[in-house]
Amino acid sequence: MFSLIDGNNFYVSCERVFNPLLEGQPVIVLSNNDSSVIARSNEAKDLGVQMGVPYFQIKSFLEEHNVKTLSSNYALYGDMSQRMMNILSTFSDEIEIYSIDECFLSLNGFERWDLLEYGKEIRQTVLQDLGIPTCVGIGPTKTLSKVANHLAKKMSRKDKTASGVLLLDTEEKWKEALKQTKVEDVWGIGRQYAKKLHSYQITHAFDLARVRRAWAKKHLGGIVGERIIEELNGTSCIEMELVPRPKQSICVSRSFGKIVTELGELSEAVSTYASKAAEKLRTEETVAAVLSIFIQSSQHKTNPFNAGITITLPSPSSDSRILAHYALEGLRKIFKEGIEYKKAGIVLNGIVSAKYQQTQLFEERPSNPALMKVIDKINKRWGQGSVFLASNGTTQEWQMLSTMRSKRFTTRWKELPVVNCK
DNA sequence: TCTGGGGTCCTAGGACCC
DNA sequence: TCTGGGGTCCTAGGACCC
């Protein structure tokens with residue numbers, strides 16, 4: 001048996017832990033640059049605020065209905081996520097962290113326990129120790145545990161007293177669950193496939209479970225589609241991934257907080273993203289062989305501008321200075337005057353373990369892992385950005401907006417609220 | 001004025017090899 | 001006129017996830 005546990009409206013719940021005044025209020029969290037809605041409290045959902053809508057389109061509606069609006073605070077959510085996963089990992093030896101707010105726990109060998117009770121205990125513990133409400137779905141396959149979780153969530157939204165736990169341990173139970181699940185809510189069925197399925201009158205997960213494997217193979221992306229059908233029928237074919245696989249690519253990209261036209265400002269951004277990408281490599285103890293850069297104007301214009309270049313490094317590296325150097329060299333090649341740039345990004349590929357790093361005998365720009373280690377240490381001890389490349393710039397006026405961000409309570413001493421205990 | 005960011009997997013098709 | 005068969009590798013594109 002598999003269980004899937006995820007935080008309800010995770011980002012909003014994290015904010016509520018540190019600001020209880022948000023409890024019971026409609027709350028939303030915006031994406032980077034305060035662009036669009038990426039998390040909503042139940043109250044905000046009830047008001048009809050949709051996921052992904054641009055903020056500017058609904059700003060006045062939000063004010064009118066007194067919706068508390070927050071910029072995203074990834075430092076906080078990431079830290080809360082770690083805490084949640086730590087708690088959850090005490091409930092099973094086999095945990096797969098699937099995303100910032102959800103994980104699978106294998107319940108293999110737990111079959112003789114009362115799994116419904118166990119689910120409730122998991123939920124209660126996270127709520128009590130961390131303050132984050134969750135839902136727990138349990139089923140014989142990962143896909144069915146997702147279905148269970150989805151229904152548990154739906155039920156607890158409708159009925160505040162619902163347990164937030166759903167166990168699908170018999171065929172009758174999961175068939176009933178599939179009848180109540182829309183096809184687009186099945187794990188692995190996105191917009192395109194849902195549209196196609198609807199055109200074949202396949203509207204619910206129950207119908208989907210009954211299509212032939214060959215049909216699924218033809219219409220739902222080959223083997224991926226076949227697996228979905230198998231899993232909906234109770235045959236597990238997606239295993240737990242207990243050890244996170246090393247990343248095959250690392251991407252750092254951001255929209256700017258204002259229009260950028262000058263090469264100088266663009267260079268600061270590209271240099272900053274390159275150092276950030278290098279930091280990510282170093283935390284995974286990997287190096288990258290290939291670096292790509294892209295720059296874009298707003299994509300919502302009639303003639304959006306896109307340019308990019310891919311560079312193979314002389315030898316794989318995770319040295320911020322080297323990545324920034326080649327990134328800037330690439331940038332100068334693709335930069336065009338007279339464009340209103342809105343976004344830039346760095347993508348790293350050809351990632352291998354730093355242990356197997358090949359070096360050139362006569363390297364023009366040798367990596368300096370020891371130096372990088374010291375920099376990382378300083379930044380960890382004294383806070384991000386204590387030491388940085390000069391080419392990142394000091395003013396960074398292009399930085400994204402996040403004017404409504406809460407404090408980084410759990411990761412910055414300086415941002416801990418001061419309580420006056422008179 | 002203002003529309004996120006960071007990933008994954010799979011397939012098809014072309015180039016190339018013997 | 002006939003014009004194999006099987007393999008690998010790479011890339012682009014399309015779908016998906018949260």
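Here B/dT8 is the nucleotide among B/dT8, C/dA15, C/dC17 with the atom lying nearest to any side-chain atom of A/S249. Closest to the side chain of A/S36, from the set B/dG5, B/dG4, B/dG7, is B/dG4.
Among the protein residues, A/I223 comes within range of the sugar-phosphate backbone only, with heavy atoms under 4.0 Å from sugar or phosphate atoms but none that close to a base. Residue A/K218 is out of contact with every strand shown, counting any heavy-atom pair closer than 4.0 Å. As judged by a 4.0 angstrom heavy-atom cut-off over every strand, A/L220 is placed among residues making no nucleic acid contact. Using a 4.0 Å heavy-atom cutoff across all strands shown, A/N32 reaches sugar-phosphate atoms only and no base atom. Among the atoms of the strands shown, none is found under 4.0 Å from any heavy atom of A/Y55. At the heavy-atom level, A/K342 lies under 4.0 Å from the strands shown only through sugar-phosphate atoms. If you check every strand for non-hydrogen atoms under 4.0 Å, A/K59 touches nothing. Nucleic acid contact class of A/V252 (heavy atoms, under 4.0 Å, all strands): sugar-phosphate only. Within 4.0 Å of A/Q248, counting heavy atoms only, lie sugar-phosphate atoms of the nucleic acid but no base atom. Residue contacts for A/S298: at a heavy-atom cut-off of 4.0 Å it reaches no nucleic acid atom on any strand shown. A/V186 comes within 4.0 angstrom of sugar-phosphate atoms only, judged by non-hydrogen atoms across all strands, and of no base. No contact: A/D34 has no heavy atom under 4.0 Å from any strand. At the heavy-atom level, A/I189 lies under 4.0 Å from the strands shown only through sugar-phosphate atoms. Using a 4.0 Å heavy-atom criterion, one finds that A/K146 contacts the sugar-phosphate atoms exclusively.
In this structure, A/F110 has its ring center no closer than 6.0 Å to that of A/F91.
Atom pair A/E102:CD and B/dT8:C1' shows a separation of 14 Å (rounding to whole Å applied). Here the P atom of nucleotide C/dC16 and the CZ atom of A/R191 are 9 Å apart, to the nearest Å. One interatomic measurement links the two molecules: CD1 of A/I58 to P of B/dT3, which rounds to 14 Å at whole-angstrom precision. Put simply, CD on A/Q192 is 9 Å from C1' on C/dG14, counting in whole angstrom units.
Applying the 4.0 Å criterion to OP1 and OP2 of B/dG6, one finds that A/S253 has a side-chain N or O inside that range. Residue A/R227 places at least one side-chain N or O under 4.0 Å from the OP1 or OP2 atom of B/dC10. Look at A/R245 and you'll find a side-chain N or O under 4.0 angstrom from OP1 or OP2 of B/dC9. For B/dG7, one of the phosphate oxygens OP1 or OP2 lies less than 4.0 angstrom from a side-chain nitrogen or oxygen of A/K280. A/S255 has a side-chain polar atom (N or O) that falls below the 4.0 Å cut-off from OP1 or OP2 of B/dG5.
To the nearest 0.5 Å, the span separating CG on A/L105 from CD on A/E96 amounts to 10.5 Å.
A cation-pi contact, defined as under 6.0 Å to the ring centre and within 45° of the axis, links A/K142 to A/F104.
Positionally, the nearest nucleotide of DNA chain B for A/F56 lies more toward the 5' end than for the other of A/F56 and A/G222.
Residues A/N19 and A/K68 have side chains that never bring a donor and an acceptor to within less than 3.5 angstrom of each other. Side-chain atoms of A/Y77 and A/E15 form a donor-acceptor pair, as typed in the model, at a separation below 3.5 Å.
Using cut-offs of 30° and 60° for the angle between ring planes, the A/F409 and A/F18 rings count as parallel.
Nucleotide C/dC10 forms a pair with B/dG13, judged by Watson-Crick or G-U wobble geometry with both contacts under 3.5 Å.
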Next item on the list: Assess whether side chain to side chain donor-acceptor pair (under 3.5 Å) is satisfied between A/T141 and A/S236, documenting all intermediate values.
Entry: CA-CA 5 Å; A/T141 68; A/S236 172; over 6 Å; no
